[in-house]
Amino acid sequence: MDGPVISGASVVKLARGVRLREDAVRGQTVLLAPERAMAVDDIAVAIVEALDGERTLDQIAADFAEKFDAPAPQIAEDVMAFVRELSIRRMLEIVE
Amino acid sequence: MSDTITLTADAMGKTPRAPPPMAMLAELTHRCPLACPYCSNPIALTRANEELSTEAWIGVFEQAADLGVLHLHLSGGEPAARRDLVDLTRAAVSFGLYTNLITSGVGLTEARIASLADAGLDHIQLSIQGISPESADRISGYAGGYERKMAVAGWAADAGIPLTINAVCHKQNMGEIDAMIDLAVRLKARRIEIATVQFHGWAERNKAALMPTREQVERATRTVAKARENYQGILVIDYVPADYYSKYPKACMGGWGRVGLNVTPSGRVLPCHAAETIPGLSFETIRESSLARIWYDSDAFNAYRGDDWMPDLCRSCERKAVDFGGCRCQALALAGDANATDPVCIRSPLREHLTREADALAATPSVDFVYRGR
């Protein structure tokens, strides 16, 4: 049985039961999932918030490259690595 | 991206200051229609008329959120036996708690699951005892339980609530792990937790009927490794191996009073399920104290923090930062002393004896279960 294949053309969003939350007690942002709490930095937060279930991962990377004036291939690679990690942990819903 | 939040407080120092708790297990009730012979509830069960009221539980949830708890597990007994389950869920969600229902499924209906979804329930953990009505219902001591669980999984999927299947494995169902994993996938679960039975509470009474053999444990470990590959991206498999056959003890509860706490049906606050078995410790209730005071300042929660309490064998060991000295309740049960090195550790003088005992128990031919509460 094969798991989902994620590519630049994929459109994804956080699965139900996975969400970002401010953790005021520890002064950080956490991504919460069943039995998991991950402290996430600003970059991870920006990526998670961009997973809107509408744009493709390529579009998201291109938008970041423009917004932060950074090289697109590097950003695309970072976004893809992070998103694949979330997918393996069953934290994503693949919209298309 | 780190798997777990780094705990910044120096938990191994001489004057330990605990980090805030991450998780709270709320045992809403000890009532349960099932009678699993390895139930983690204590032998002396709390009666219904001693349970905290709706308002009292909601107060505990609010205190927990203020204290830094992120995950709230609504458990029991069977939490669905509480008529106020939907109200409790709604309140927990309103405090920002990630709210997880740990259930046998019995007592849940399609309408009730829809109400829980509306209330904002984040996740359901549904127990299974086996992969067929015959095996599962014999182990749980509840006829019809298996069929109800299958229905509950479907209703959860329809309501959009993510699902984890919980399976406790032991001598009598260890050969079904493969099939349990397949069942979890068919039930559209995203996760399965396969935990080898821990010998506390009722399981201690059923040790001979439950202790797996070394061969079973080794096969289970291989099965899990293979299934993790096969189902990558489809099913997350969390596996708690049999610690009697391990070299080192488990980091029980992630360390005493370090990551999580339990609240019993009557409001007693414990570092773990079995902590009340330890003589000499007195545990406060939320009727007489605040959650924060109990967590940070109570003698019971501070008893096994840091390394002052440890025997030299543990205090001088580099693994104390990994397993925090192992399980105190197991040390008590097996060594007769809650301050002893966990006898599972290969460095414990009791380890050889434990291995012989485990092998003898595992080799015991079929023994009848002593069912919980019967």
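No hydrogens, no waters, no symmetry mates; every other heavy atom, side chains included, goes into these values. It should be emphasised that the depicted structure is a prediction, and the values quoted were computed from it without experimental measurement.
Within the 4.5 angstrom heavy-atom criterion, no atom of Ala24(A) approaches chain B. Contact annotation for Arg191(B): only side-chain heavy atoms (C-beta onward) come within less than 4.5 Å of a heavy atom of chain A. With a threshold of 4.5 angstrom between heavy atoms, Arg21(A) approaches chain B through side-chain atoms but not through N, CA, C or O. For Ile161(B), the parts lying under 4.5 angstrom from a heavy atom of chain A are both the backbone and the side chain. With a 4.5 angstrom heavy-atom cutoff, Ala117(B) touches chain A via backbone and side-chain atoms both. Contact annotation for Arg19(A): only side-chain heavy atoms (C-beta onward) come within less than 4.5 Å of a heavy atom of chain B. Contacts of Asp66(B) with chain A are made by backbone atoms alone, with heavy-atom separations under 4.5 Å and no side-chain atom involved.
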One pair to check against side chain to side chain contact (heavy atoms under 4.5 Å, CB included): Asn100(B) and Glu35(A). What are the steps and the verdict? CA-CA 9 Å; Asn100(B) 174 37; Glu35(A) 302 279 342; 4.2 Å; yes
For Leu32(A) and His123(B), what are the C-alpha separation, side-chain angles and deciding distance, and is it a side chain to side chain contact (heavy atoms under 4.5 Å, CB included)? CA-CA 11 Å; Leu32(A) 297 177; His123(B) 181 246; over 6 Å; no
Run the side chain to side chain contact (heavy atoms under 4.5 Å, CB included) test on Leu70(B) and Asp23(A) for me, step by step, so that the C-alpha distance in whole Å, both residues' side-chain angles and the decisive distance to 0.1 Å come before the verdict. CA-CA 8 Å; Leu70(B) 299 173; Asp23(A) 175 3; 4.1 Å; yes
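When the shell of 6.0 Å around CD of Gln59(A) is examined, it contains more than 12 heavy atoms from other residues, nucleotides or ligands. Within a 6.0 Å sphere centred on NZ of Lys250(B), other residues, nucleotides and ligands contribute more than 12 heavy atoms.
Note that CZ of Arg26(A) and CE of Met22(B) are 5.0 Å apart. Values are rounded to the nearest 0.5 Å. Within the model, atoms CZ of Arg89(A) and CD of Gln232(B) stand 11.0 Å from one another, a figure rounded to the nearest 0.5 Å.
Panel note: side chain Arg90(A), backbone Ile234(B); a donor-acceptor pair is recorded below 3.5 Å. Distance alone, capped at 3.5 Å, is enough to place a donor-acceptor pair between the Arg16(A) side chain and the Gly160(B) backbone. Proximity of a side-chain donor or acceptor of Tyr98(B) to a complementary backbone N or O of Gly17(A) within less than 3.5 Å is detected.
Heavy atoms only, all atoms of each residue included: Pro4(A) and Gly233(B) are closest at CD-O, 3.4 Å. Nearest heavy-atom pair, Val25(A) versus Ala65(B), reported as atom, atom and distance to 0.1 Å: CG2-O, 4.4 Å. Pairing each heavy atom of Pro34(A) with each of Thr164(B), the nearest pair is CB-OG1, 4.5 Å.
Among residues two or more places apart in sequence or in another chain, the side-chain contact (heavy atoms from CB on, under 4.5 Å) test is passed with Glu78(B) by Cys32(B), Pro33(B), Ala80(B), Thr103(B), Ser104(B).
Taking the side chain as every heavy atom from C-beta outward, Met91(A) and Val236(B) never approach each other to under 4.5 Å.
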